Structures are given as C-alpha cells and as structure tokens.
Amino acid sequence: EADLYLSYKGMLLPKAVHTPESLRHFEEFAFRSDDVVIVTYPKSGTTWMQEIVPLVLSGGDPASVETLHNWDRVPWLEETRAPVLNLEDRPSPRMFTTHFHHDMMPASFFTAKPKVIYVMRNPKDVFTSFFHYHGMVSFLVDPNPQSEFLHKFLDGKVIFGTWFDHVKSWLSVDERQRILHISYEDRIVCAQQDLKDAVRKIAQFLEKPLDAEAIERIAHRCLFKNMKKNKMSNYSLVPLDIMDQTKSEFFRKGVVGDWKNQLTVAEAEYFDAVYKEKMKDVKYTFPWD
Ligand code: A3P
C-alpha cells in the first residue's frame, strides 16, 4: 500500500495519478467564475457527467466529446496531467473534475465561485463498482478479500477517504452557492426519459437553453450503451498494464442495486449500520433511503 499510495491532508491518493507537483498546481489553481466543476466520489457517475457537460455547453455538438478523451476534455485538477494541459489558456467556459472535498478546494474557488455539479450514488453500489475497479487497475490495491476491503472502504482507508465525509462535505454547500446536487439513481439510469430530464436540468443550471432536438440528441449519446461504444469515454485507449478491461470493463453494468449481487447479507447489514450512524445528522433525502 505504501508503494502505491501517498497521504495528502489525511487522504490516500494513488501515486501513479497524483504527485506533489500536481497537488501544488491544484492548490494554486486560478478558477474563473464561468468554470464548471464536476465533483464526485469515485464511481458515482463521473464519466457520465464528463460526457453530458461538454455536450450541453456546446449545444449538443458531438465534436465536444469526440476529439478529446474525457480526462483531457474535463480534466481532474488534482492529477498529474492537469499541469501539462495549459488550462490557464483554455477559453471559457472551462470544465474540470475533482474528487476532493469542499474544504480542500483552492482559495480561488471560494472567490471566483465557479458552478459545481455534484453527483452522488448509493454507497453500496459505489462500493461494488469500486471493488471491481480496484480489481482491474494496476495503480490501486487489490480489493481481495472483499470483507477486508469493505472495512477499509467504510473506515476511509481507501483513495479519497470515506464516501460519508465526501458527501457530507459537498452537501454542506447550499444550493444558493451555485451547486447542483444530482444523483445517479434519479437521473442517470436506464430510461431515455430520465436522461432527458437530467439533460434539461443540467442545461438550466448551466444557463444554456437547448431545444427539444438537442436535448434528445444529448440524452441519446449519454446512454450507457452508447457511451460504452465511445472510445473517447470508455477507457479502451488506456494500456492493458494500467487498466485491464478483460478483468472487468470500465462500463461494467451501469445499473442501480448491483450491491445485492456483491455484498453478503451480513456485509449489507453492517454497511447499513455504519451508514445510519455516519449519516444521522444529514437532512438530505437520498433516492436510496
Ligand atoms: P458500474 O461499475 O456499477 O457499472 P465513474 O465514472 O464515477 O468512475 O463511475 C463509473 C460507474 O458509472 C460504473 O458503474 C459505470 O458503468 C457507470 N456509468 C458510466 N457511464 C454511465 C452511463 N452513461 N449510464 C449509467 N451508468 C454509467
């Protein structure tokens, strides 16, 4: 673990993706007020949102998602690639991603007040997706045995800390501060109709009016089965020694409730007990409650 991870502000991060230089770049990053920042705990629907935001901001232009990988078009600000992308020179509106907590954001974030889209997902499904992801990328610890990994997940001894701290951190930011809270269960899954609602809601939040035809086009592109075919979003261009999709595909299932196939009854009960305790002061109503 010590070989793979570094500790930053009490949070474990994969050394392959974050360096002291990239973290310094993050701390000094100058936000603009017209930036759009996608924030997620890993495995909560980041890739989906990285598809939808460029499409919405471009009015549905497919070139917005066909010419760059998701990690270059909506780059993670804390990652090693960020400093080499000349983000300062990008025209507005710029789009970024982060997995960090609200209180870890750089000073300019609090003065520029960019727009934030925070995507959250049932933590038991996040765990399930996280488990399979750890099994296929070389820069993360082996998640076996599952019972041990579950304890690490619930204790925050995994990359980006606990799901609980993450969600509480970003839920504490209220809607008046230009943040849209959206959940995977409400908005992403399955029905084309739901996706249209999601696209409409995001377009409204980003103040980018779209006609019905553009909404339809964007929703269609962002369906699981269509994104899975798109090589700029499906991670198929990542070398096998970094991400081995023969073990588990990045676009694995894209469903709600797969935790039922992953957790034992005892594990699910333990998870629920920890959830109840950690979330007892949270007033938000989640779709999975
Ligand atoms: P599963 O492993 O449960 O299938 P992230 O992008 O934050 O890393 O999250 C990845 C998860 O989101 C994976 O979940 C992936 O299949 C799912 N996902 C990605 N795009 C999706 C889409 N358009 N619709 C539904 N699920 C999607």
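Each ligand, and each atom within it, is numbered from 1 in the order the structure gives. Given the structure is predicted, the values throughout are model-derived calculations rather than measurements.
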Might you confirm whether atom CD of Glu27 has over 12 heavy atoms from other residues, nucleotides or ligands at distances under 6.0 Å? yes
Heavy-atom proximity to atom 13 (C) of ligand 1, picking from Ser233, Gly254, Ser129, points to Ser129
If you measure every N/O of Arg121 against every N/O of ligand 1, is any gap under 3.5 Å? yes
With a heavy-atom distance limit of 4.0 Å, tell me whether Met227 approaches ligand 1 through its side chain, its backbone, both, or neither. side chain
Start with the C-alpha distance between Trp71 and Tyr235, add both sets of side-chain angles, then the distance that settles ring pair (Phe, Tyr, Trp, His ring centres under 6.0 Å), and finish with yes or no. CA-CA 10 Å; Trp71 61 81; Tyr235 286 86; 5.3 Å; yes
Under a 3.5 Å distance rule, please check whether Asp72 uses its side chain to pair with a backbone N or O of His69 as donor and acceptor. no
Tell me, please: is Tyr133 in heavy-atom contact with ligand 1, that is, under 4.0 Å? no
List ligand 1 atoms under 4.0 Å from Gly45, heavy atoms only on the residue side. 5 (P), 6 (O), 7 (O), 9 (O)
Polar contact flag for Cys222 and ligand 1 (N/O pairs, less than 3.5 Å): yes
Hey, does Ser44 come in under 3.5 Å of ligand 1, counting only N/O atoms on both sides? yes
Does even one non-hydrogen atom of Phe250 get within less than 4.0 Å of ligand 1? yes
Could you check whether any heavy atom of Lys43 sits closer than 4.0 Å to an atom of ligand 1, since that is the contact criterion I want to use? yes
